[in-house]
Amino acid sequence: MEIFDIFFNLDVMRRAFPILMRGLVNTILLGFAAIFFGGILGVLVCLVRLYALKPFRLLAVLYTDIFRAIPVLVVLILVYYALPFAGIVFSSFVAATIALALVLAAYTAEVVRAGIEAVPRGQFEACDALGLSFFTTMRKVILPQAFRMMIPPLASYAVAIMKDTSLASVVAMDDLLKQATDAQALFANPTPLLLAALIYIAILWPMVRFTGWLEQHFKRGYR
């Protein structure tokens with residue numbers, strides 16, 4: 001019974017639960033903000049890499065290579081702790097959003113590029129023959145076709161970013177992990193940490209299963 005009092009103390013769990021819920025709200029907001037802005041930036045970087053002038057294409061390649069190589073935690077620390085030396089100060093939430101979005105954008109750009117390049121070249125030529133503008137071609141013809149191939153990997157990266165929101169506790173953001181750590185210190189009991197782990201599982205496990213379903217669904221669609 002002693003081990004349950006240490007790790008699954010019901011009284012501590014009851015008192016810590018409202019604290020963790022406040023952190024969960026911040027975690028969800030951070031995850032959605034990073035996915036939204038990272039997705040938009042990733043598409044823009046992809047279009048620059050594929051269709052801009054060569055110097056800009058090289059910059060886009062450099063961006064994707066760097067931000068796929070550097071750990072998310074390092075990006076977060078640079079944004080939150082290094083930029084203030086240059087007079088650029090962000091709140092912990094904004095810094096975490098920027099860091100996660102920058103990394104997600106690099107992976108998104110590669111996924112979108114692969115999807116666009118998988119569309120038969122004849123589709124582009126047909127749009128040119130019809131006199132469609134570049135943006136109309138991309139919006140109405142190319143991206144809708146490429147999107148089917150993009151969905152499974154993009155969903156996987158979205159899940160990964162949701163998991164990486166836990167790193168925001170490093171910059172003192174009141175996310176789920178930070179609140180759990182504070183509650184653990186407050187009650188002198190590790191139960192809040194176990195409860196936080198269960199909450200992460202409750203949120204992310206359905207997302208993981210949904211991602212697996214998407215992969216199988218679109219594989220059947222390709223066949």
Same apolar cluster: L177 and I199, side chain cutoff 4.5 Å: yes
Indicate if L78 and I88 have the same hydrophobic cluster label, given that clusters are the connected sets of ILVMFWY residues with side-chain heavy-atom separations under 4.5 angstrom. yes
Taking every heavy atom of G23 against every heavy atom of Q179, the minimum-distance pair comes out as CA-CG, 3.6 Å
Are R22 and D174 close enough, and set up right, to give a side-chain contact (heavy atoms from CB on, under 4.5 Å), and what steps lead you there? CA-CA 8 Å; R22 291 195 294 270; D174 291 329; over 6 Å; no
Given the options V111, T108, V103, I35, Y157 meets side chain to side chain contact (heavy atoms under 4.5 Å, CB included) only with V111
Correct closest heavy-atom pair for A109 and V45 would be CB-CG1, 3.9 Å
Within a strict 4.5 Å, meaning less than it, do heavy atoms of the L47 and V43 side chains meet? yes
Answer yes or no: does atom CZ of F90 have more than 12 heavy-atom neighbours from other residues, nucleotides or ligands under 6.0 Å? yes
So for atom CZ, which belongs to F36, do other residues, nucleotides or ligands contribute more than 12 heavy atoms lying within a distance under 6.0 Å? no
Give a yes or no answer on whether the side chain of T27 reaches the backbone of L176 with a donor-acceptor pair at less than 3.5 Å. yes
From M162 atom CE to L100 atom CG, the distance as rounded to the nearest 0.5 Å: 10.0 Å
Salt bridge between D11 and R14, side-chain N to carboxylate O under 4.0 Å? yes
Residue from D175, T181, D182 passing side-chain hydrogen bond (donor to acceptor under 3.5 Å, both in side chains) with K178: D182
Interatomic distance, L41 atom CG to C46 atom SG [nearest 0.5 angstrom]: 11.5 Å
What is the minimum heavy-atom distance between Y51 and R57, and which atoms define it? N-CD, 4.5 Å
From CZ (R49) to CG (L62), nearest 0.5 Å: 11.0 Å
Residue set satisfying ring-ring contact (aromatic ring centres under 6.0 Å, His included) with F17, at least two apart, ordered chain then number -> none
State, to 0.1 Å, how close P192 and A16 come at their nearest heavy-atom pair, and which atoms those are. CG-CB, 3.9 Å
Can L104 be reached from I77 by stepping across I, L, V, M, F, W or Y side chains whose heavy atoms are under 4.5 Å apart? yes
V141 and M138: CA distance, side-chain angles, deciding distance, side-chain contact (heavy atoms from CB on, under 4.5 Å) verdict: CA-CA 6 Å; V141 180; M138 295 303 299; over 6 Å; no
To the nearest 0.5 Å, how far apart are CG in L130 and OG1 in T137? 8.5 Å
Under the side-chain contact (heavy atoms from CB on, under 4.5 Å) criterion, do E117 and L50 qualify, and how do the steps go? CA-CA 9 Å; E117 291 182 339; L50 290 176; 3.5 Å; yes
Tell me whether L58 is reachable from I66 by hopping between hydrophobic residues (I, L, V, M, F, W, Y) whose side-chain heavy atoms are closer than 4.5 Å. no
Hey, is CZ on F56 packed in by over 12 heavy atoms from elsewhere, all under 6.0 Å? no
Taking all atoms of both residues into account, what is the closest heavy-atom pair of I201 and P206, and its distance? O-CD, 3.8 Å
Which pair of non-hydrogen atoms, one from T97 and one from F37, has the smallest distance, and what is that distance? CG2-CD1, 4.2 Å
Looking at F67 versus Y63, is the centre-to-centre ring distance below 6.0 Å? yes
Determine, using the 4.5 Å side-chain heavy-atom cutoff (strictly less than), whether V89 and L76 are members of one ILVMFWY cluster. no
CG-CG distance between L195 and N189, expressed to the nearest 0.5 angstrom: 11.0 Å
Would you check, one step at a time, whether the test side-chain contact (heavy atoms from CB on, under 4.5 Å) holds for I161 with Y107? CA-CA 11 Å; I161 284 296; Y107 288 97; over 6 Å; no
Spacing of W213 atom CH2 and T211 atom OG1 [to the nearest 0.5 Å]: 11.0 Å
